[in-house]
Amino acid sequence: MTARNIDGNALAAQVREELARRAAELTAAGVQPCLAVILVGEDPASAVYVRNKVAACEKAGFRSLRFAFPADVAPEVVFGKLAELNADASVHGILVQLPLPPQFDADQVLEAISPEKDVDGFHAENFGLLLQGRKSFYPCTPWGVMKMLDSENVPIKGAEAVVIGRSNIVGKPMAVMLLARGATVTVCHSQTKDLAFHTRRADIVVAAVGRANFLTGDMIKPGAVVIDVGINRGADGKLCGDVDFASAREVASLITPVPGGVGPMTITMLLANTVESAQRALDARRSV
Ligand code: GUN
């Protein structure tokens with residue numbers, strides 16, 4: 001079997017078109033969706049991510065604000081900016097790009113963002129709501145993965161799902177979202193004794209470990225759906241995922257490529273959360 005690709009670029013374009021339409025409606029009603037992005041330091045990958053987020057906002061007709069601080073900025077300066085953005089009714093989403101320099105406690109920074117504007121879905125309150133199966137801003141990458149699975153009508157209820165990676169950004173929320181939809185979920189990580197034992201039983205595998213070509217075809221059940229969240233540089237300097245694409249595609253039924261898979265969906269769901277936040281702001285204004 002040779003797997004079919006799930007085309008993240010095509011799905012992202014389709015969803016973004018709908019979001020641009022909703023943004024235009026909101027703008028016409030007096031609430032233009034607005035995302036504020038904070039970048040601290042000179043991490044080149046973070047700079048690219050932030051540039052892409054700002055560009056995606058502008059293309060969809062959102063207002064975007066970008067604040068860049070030097071790596072040695074005092075934390076109070078960033079907390080001051082967050083307080084200002086929290087209080088600004090014209091701002092609907094606030095995002096602090098991670099990782100942060102060592103003088104910051106990332107949890108403290110994420111907690112300083114108003115949960116109503118936490119379009120990354122990283123605030124403990126939103127994370128807790130997600131865990132309880134209540135309304136929240138869903139973290140963008142796992143939510144994008146769910147959209148990709150749904151776009152292909154992948155059965156989730158009753159499926160065996162294995163998530164490799166236990167980060168707060170991807171692995172943990174991914175497991176919770178799959179669980180909420182009725183999958184039997186196993187979370188594997190760097191201390192898992194026999195990874196292949198688990199992955200070979202999985203109908204759906206989500207790889208989010210951050211190690212190039214980590215999941216190989218021999219570890220995958222024939223016909224499984226393989227989602228690759230990794231973005232790594234291979235030995236050849238090229239961008240590659242956590243999945244060894246060449247061997248995995250010979251075994252899987254559906255697979256996401258890198259680049260052009262999950263990546264474009266992450267920014268798309270950030271736009272979706274920002275539109276949702278703007279909609280809530282408009283609804284609140286109408287109800288007074
Ligand atoms: N760093 C890596 N991924 C993300 C993300 O989705 N949001 C933020 N804020 N920082 C990140």
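Counting convention: from 1, in listed order, for ligands and their atoms alike.
Comment: Lys221 does not engage Glu160 in a salt bridge, judged by the lack of any side-chain N to carboxylate O separation of less than 4.0 angstrom. Electrostatic pairing of Arg21 and Glu25 counts as a salt bridge here, judged by a charged N lying under 4.0 Å from a carboxylate O. We find that Arg181 and Asp150 are joined by a salt bridge, their nearest charged nitrogen and carboxylate oxygen being less than 4.0 Å apart.
Asp242 and Asn213 share no donor-acceptor pair across their side chains, judged by distance under 3.5 Å alone. Checked by atom type, the side-chain pair Thr268/Arg16 shows a donor-acceptor distance below 3.5 Å.
Not a single heavy atom of Thr141 sits closer than 4.0 Å to an atom of ligand 1. Contact annotation: Tyr49 has no heavy atom less than 4.0 Å from any atom of ligand 1. Using a 4.0 Å cutoff on heavy atoms, Met269 does not count as a contact of ligand 1.
Close approach of ligand 1 to Val96 (heavy-atom distance below 4.0 Å) involves ligand atoms 8 (C), 9 (N). Shown in contact with Leu95 at under 4.0 Å from a heavy atom are these atoms of ligand 1, numbered in order with element: 9 (N).
In terms of polar-atom proximity, Leu98 is counted as a contact of ligand 1, with an N or O under 3.5 Å from an N or O of the ligand.
Stacking of Arg22 on the aromatic ring of Phe62 is not recorded, the 6.0 Å distance cut-off and the 45° axial limit not both being met.
Among all non-hydrogen protein atoms, the one lying nearest atom 11 (C) of ligand 1 is Gln97 NE2, 3.3 Å.
Around atom 8 (C) of ligand 1, the closest heavy atom drawn from Asp120, Leu110, Val109 belongs to Asp120.
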